[in-house]
Number of protein chains: 2
Amino acid sequence: MPDRVTIAQVAEEAGVSAMTVSNVLNGKPGASDETRRRVLDVAQRLGYQPNISARNLKAGRSGLIGVLTLDLTTQYGLEIVRGIADELAAAERELLINATYQDGVREMERIEFLSRGLVDGVLMVAPVLDEETVELLRRKNIPCVVIDPRRQDVALPRVIVDNYEGMRRGVQHLLSLGHTRIGYIRGESDMDSSSIRFRGFCDALTLAGVEVDPRLVVDCDFTYAHGFQAASALIGEHRPTAIAAGADLIAFGAVDAARALGLSVPDEFSVLGFDDLPQASQSFPGLTTVRQPLHDMGQTAARALLSILDGQRLLLDRMQLPTELIVRGTTAAPADVDAILDRLLASSRGTSDDAVGASGQDA
Amino acid sequence: MPDRVTIAQVAEEAGVSAMTVSNVLNGKPGASDETRRRVLDVAQRLGYQPNISARNLKAGRSGLIGVLTLDLTTQYGLEIVRGIADELAAAERELLINATYQDGVREMERIEFLSRGLVDGVLMVAPVLDEETVELLRRKNIPCVVIDPRRQDVALPRVIVDNYEGMRRGVQHLLSLGHTRIGYIRGESDMDSSSIRFRGFCDALTLAGVEVDPRLVVDCDFTYAHGFQAASALIGEHRPTAIAAGADLIAFGAVDAARALGLSVPDEFSVLGFDDLPQASQSFPGLTTVRQPLHDMGQTAARALLSILDGQRLLLDRMQLPTELIVRGTTAAPADVDAILDRLLASSRGTSDDAVGASGQDA
DNA sequence: CTGTTAGCGCCTTCAC
DNA sequence: GTGAAGGCGCTAACAG
């Protein structure tokens, strides 16, 4: 508890009432220049600053916005939070960031807690949103906007992206390079966006007259380690010439899996990501990926929440943002993977095993 | 502003006074079982939850801790914040995270704002700490603990790590592998930790009877792009067999710079990092690096702040945590770099230029 | 122009 | 056992 100067102290010191101090400091009219000067002077000297909590209690608001996100280290969520923070900074509102760890129960508990006068509204990044949670939000009438919810049909104002078009375009890019044996790593299966992206993948292939080979399709958590694993298996068993991943983290794992098997990316193996995390451009070669406008998603959601808080009924309940293919260095025309793999397996088996071990040790 | 049920409403509905409701809900004695039951029943039915802001105003605290960190995307800072969050969760305190963007003025402004009754104390990650800021903290008597401050001699409770030992051990590891031409990329020059790590580097070399070659030492921002650039120049001009970097981000850049020049890591070129960011283990090959206990640093600082808030005078003003060498896959015995580079430069110049371009396009 | 009153929602104190 | 009074720090509304 820092030392605090109260309005009463300033009032006494200046020989006026608290009300006058309040008026002067808030730039209200009705105070002689003489008084005004004296009050400002004393306030300055004492280092008085109004107590924000008290002011908010009075105003029936807290000035805080609750943000529920996956955790404090996932780049995906943080890029969105950055967008939120940038938008909210202008509105003089602070963020209360909470990690949910994708746990529906924890998610609801946090909302329950935050809604006890702590925050004026809530933004949720990739929320689980159990039925009861939605019910809670409605019942307590908590202003809320969700971003990329796991179930996209949830009855709350929401910001989503065009997953279908994004993946379709990305896969078309692979097809146009000449790939036809394309592995697909789906991401988490309980997310609507995973299925939607997969539809984009299938439609792209079908449109190009390529059949979808179910053996080339696997599910996988949104992590580097799982991506590495899934890609290793896929390449080893079914020898695609390229992999399309449901997320950048998976794609990074796939790139390194190919490398660990001795395949050079992109000359001998192509990888397509989805997200465009900062790391996608900060790696070598840069990752070809489908960009989600993460920062913009956060901004859009924050803006929508602010307009709800301003009492404006929201025009759109469903805000869909476009995705964009970003071609960097992990995609190229296919090589004869079979021949290359045969060569690698025949020659140096020991070397590549060692290499995998070194990376995998604490992943 | 969510719909709120107040204690008065519950009191009326239950036919008792607000006081009784408060007592019952806070588990205070002195209420007949009959009354108790009725109050709990009504509170439950109305969904009453005490307003936290009001409670805090009364208690003269906010339950919030301000956290000033670099920004919302730097892994280094976020790992520390994660430690803070984990420690504070147990204490039922919420975090108000603020980005400073390493701007001393903004840093002070945020503290000024937060100290207006918004937070009970402040934790600062890698703060700039201008004189006036320290003065402000003292004057307003704001409980504060800093983590890895840019100037380590600042007169505030602080958590730091053993930078010297860490880098010394890391460089000894390179020396023990047989490297003698070791490039050093220092990190930002206005940070004490940069100079301290550099001393560790120099002493390790000197102790091994290797002279420090000033041409092999460069400064560089803590970013991938700058690391890439600095390492490219260093390798191209002075041909070290290894590089020790002042931060993992720089090291990632160095690894990719070596790759871009056609050098295989670690067989033909070694790289040592400093930090052990999550990405260090989630890459291929895994990065050999000096681990800072980031999560622990956050926890330690949070614990210290809590004890200050509890009114306990802090025992230690300077808490130093150990570092640890983590050997992964980017270090190995040196190869004949001169020969390799000559070979590469002589043969395919076009290819490697293309590759660098692909990565650099938006880095 | 300035001050008094009152109340935001809660809880500590003390009287009944 | 229960409740009335009062106050945390601030400001809207009204009174002087």
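The structure presented is a predicted model; accordingly, all values stated were derived computationally and were not measured. In the text below, chain A, chain B and the rest are named by the order of the sequence lines, each starting its count at 1. The analysis underlying the following values was restricted to heavy atoms, covering all of them including side chains, and did not include hydrogens, waters or symmetry mates.
- Separating the CG atom of B:N56 from the P atom of C:dT12 is a distance of 13 Å, rounded to the nearest angstrom.
- Inter-residue side-chain proximity for B:D296 and B:L321 is flagged as met; some heavy-atom pair is nearer than 4.5 Å.
- Here the P atom of nucleotide C:dC11 and the CG atom of B:L25 are 8 Å apart, to the nearest Å.
- Here B:S53 lies out of heavy-atom contact (under 4.0 Å) with every strand.
- Atom CG in A:D33 sits about 15 Å away from atom C1' in C:dT2, given to the nearest Å.
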Subject >> Under 4.0 Å protein heavy-atom contact, by nucleotide of nucleotides 8-16 of chain D - B base, S sugar-phosphate only >> reply: BBBBBB---
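- The shortest distance between the side-chain N/O atoms of B:T20 and the OP1/OP2 oxygens of D:dG1 is not below 4.0 Å.
- Between B:R93 and B:L306, the closest side-chain pair of non-hydrogen atoms falls below 4.5 Å.
- Each of A:I65, A:I97, A:V67 was evaluated against A:I84; a single residue qualifies, A:V67, per the side chain to side chain contact (heavy atoms under 4.5 Å, CB included) test.
- If you take CZ of B:R61 and P of C:dT12, they are 12 Å apart, rounded to a whole angstrom.
- Salt bridge annotation for B:R37-B:E34: present, with a cationic side-chain nitrogen under 4.0 angstrom from a carboxylate oxygen.
- Side-chain atoms of B:D103 and B:T100 include no donor-acceptor pair closer than 3.5 Å.
- For the pair A:N23 (side chain) and A:K28 (backbone), a donor-acceptor distance under 3.5 Å is absent.
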